[in-house]
Amino acid sequence: MENILKRLDFVIYTSEDITKHFDKTELDEITMFCMCMLDRLNFASEGLRILLNHFLSNTKVDYSLGIIIRSVLLDYLIVLNAMELYEKNLDNTQKLHYDLKEFSLMMLCDSVRNTMEYFETLENQIPKNIMSNMYKNLVSMNPNCFKSYNYDGNKPVIKTKAYKSPQKMFNSLVTSKDLKSYKSIYDAYLFYSKYDHFGNMFYGLSRVIPLDKLANLDKAITAFPRSLMFITIILETLYWSSKFLKTKREEITTFIDKIENIK
């Protein structure tokens, strides 16, 4: 438990430092991708920290812990796929920035793409004026995901409809020379997915002994500082001269080395 809490505390205050440093009203796609990832990692870690305070007295909180962890592990899988582009293009800065920008845009627009697909199923079921307002509100809240729009209520055009499933992201890791050692994260993601989705497998998982539950949590949360490290590396591709990011990356690497050697 002690090392789990150390990881979470480190991730919380380090991610906050980085997001505060980049607190701007306008962000490019890659920086926005990283800021969203850092916020989600930070918020999840804060929630896990609170729940873990109750774990020893009430292990039922493992259910809520698992749902949160599943979300973070999927984010980590996404970050690893961004790192795969990084590893492929180390010798070509221009292509690296292009590929990371396209990947970031795809991930940022994923929820918007899903919403647009849902709206399309409603087009013949609700009044046109209501649909027009729904389109205008969606663009207003997510202008970076749409092509130029004049807010006339017509159907907006999303910048990208590209999509990469978790299974495809896992396959990218398996075929990556540099990142295939991280492919085990998909096993943990699938494990905690059983918490998030109704089904027979949840019944057995909910009755695992507390010591094994804690061991599973410990294993999954080792991914949190690594995700933080990779997000920082991605940011450095844009802000390569930033002494702040260099210092943060070194702090993260030192922390990971130290806490893993403890075990």
Side-chain angles (χ1 to χ4, degrees), residues 15 18-44 46-47 67-68 70-85 94-172 189 193 195-198 227 231 234-235 237-239:
S15 59
I18 298 173
T19 50
K20 285 177 183 176
H21 185 79
F22 288 93
D23 187 16
K24 304 173 184 176
T25 54
E26 300 231 355
L27 298 171
D28 63 90
E29 291 88 349
I30 300 173
T31 309
M32 177 67 81
F33 169 82
C34 292
M35 292 303 102
C36 287
M37 282 294 180
L38 287 170
D39 273 350
R40 288 166 63 86
L41 185 59
N42 179 276
F43 299 167
E46 290 271 17
I67 290 176
I68 296 172
R70 185 257 188 185
S71 176
V72 177
L73 294 181
L74 179 54
D75 284 356
Y76 184 42
L77 187 60
I78 294 169
V79 169
L80 286 172
N81 270 249
M83 281 301 297
E84 199 241 342
L85 298 174
Q94 187 174 0
K95 189 171 188 306
L96 172 61
H97 286 174
Y98 177 83
D99 286 353
L100 281 176
K101 178 181 176 180
E102 291 299 301
F103 181 81
S104 297
L105 183 63
M106 175 180 71
M107 300 314 306
L108 289 168
C109 292
D110 188 51
S111 57
V112 175
R113 178 186 59 81
N114 283 326
T115 303
M116 283 291 293
E117 289 177 358
Y118 171 65
F119 282 1
E120 287 170 2
T121 67
L122 300 175
E123 284 182 343
N124 297 321
Q125 301 178 43
I126 62 176
K128 187 175 180 180
N129 64 315
I130 295 177
M131 179 60 70
S132 294
N133 285 331
M134 289 165 65
Y135 282 141
K136 286 188 281 189
N137 289 336
L138 186 63
V139 177
S140 178
M141 290 187 293
N142 307 278
N144 57 319
C145 289
F146 291 96
K147 295 182 179 179
S148 180
Y149 189 64
N150 61 10
Y151 292 92
D152 57 0
N154 288 324
K155 183 177 178 179
V157 179
I158 194 168
K159 286 182 179 178
T160 177
K161 290 186 177 182
Y163 168 69
K164 193 172 185 180
S165 69
Q167 177 65 52
K168 286 184 178 179
M169 286 191 278
F170 168 68
N171 290 339
S172 294
Y189 164 72
S193 290
Y195 284 54
D196 201 29
H197 300 295
F198 177 81
S227 186
I231 295 167
I234 293 167
L235 277 171
T237 66
L238 288 178
Y239 309 97

Backbone N/O of [Y] and side chain of [X]: donor-acceptor pair under 3.5 Å:
| X | Y | result |
| --- | --- | --- |
| T19 | S15 | yes |
| Y195 | I68 | no |
| N137 | N133 | yes |
| S172 | K168 | yes |

Could you tell me the separation between the CG atom of L85 and the CG atom of L100, rounded to the nearest 0.5 Å?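 Rounded to the nearest 0.5 Å, the CG-CG separation comes to 5.5 Å.
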To the nearest 0.5 Å, how far apart are CG in L73 and CZ in R70?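 CZ of R70 is found 9.5 Å from CG of L73.
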Lys/Arg-Asp/Glu bridge criterion (N-O < 4.0 Å) met for R113, D110: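 A salt bridge is present here (some side-chain N lies under 4.0 Å from a carboxylate O).
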Would you check if [X] and [Y] make a side-chain contact, meaning some heavy-atom pair closer than 4.5 Å?
| X | Y | answer |
| --- | --- | --- |
| F103 | M107 | yes |
| K161 | E117 | no |
| T160 | E102 | no |
| K101 | F33 | no |
| M37 | I234 | no |
| K159 | F146 | no |
| V72 | R40 | no |
| E29 | N144 | no |

Neighbour count above 12 (heavy atom, 6.0 Å) for [X] [atom1]:
| X | atom1 | value |
| --- | --- | --- |
| Q125 | CD | yes |
| D152 | CG | yes |
| K164 | NZ | yes |

L108 and S111: which non-hydrogen atoms are nearest, and at how many Å?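 Nearest pair, atom of L108 first, then S111: O-OG, 4.3 Å.
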What's the shortest heavy-atom distance between M116 and L138, and which atoms?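 Taking every non-hydrogen atom into account, SD-CD2, 3.7 Å.
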Distance only, no hydrogens: is a donor on one side chain within 3.5 Å (strictly under) of an acceptor on the other, for Y239 and T31?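 Yes, T31 and Y239 have a side-chain donor paired with an acceptor closer than 3.5 Å.
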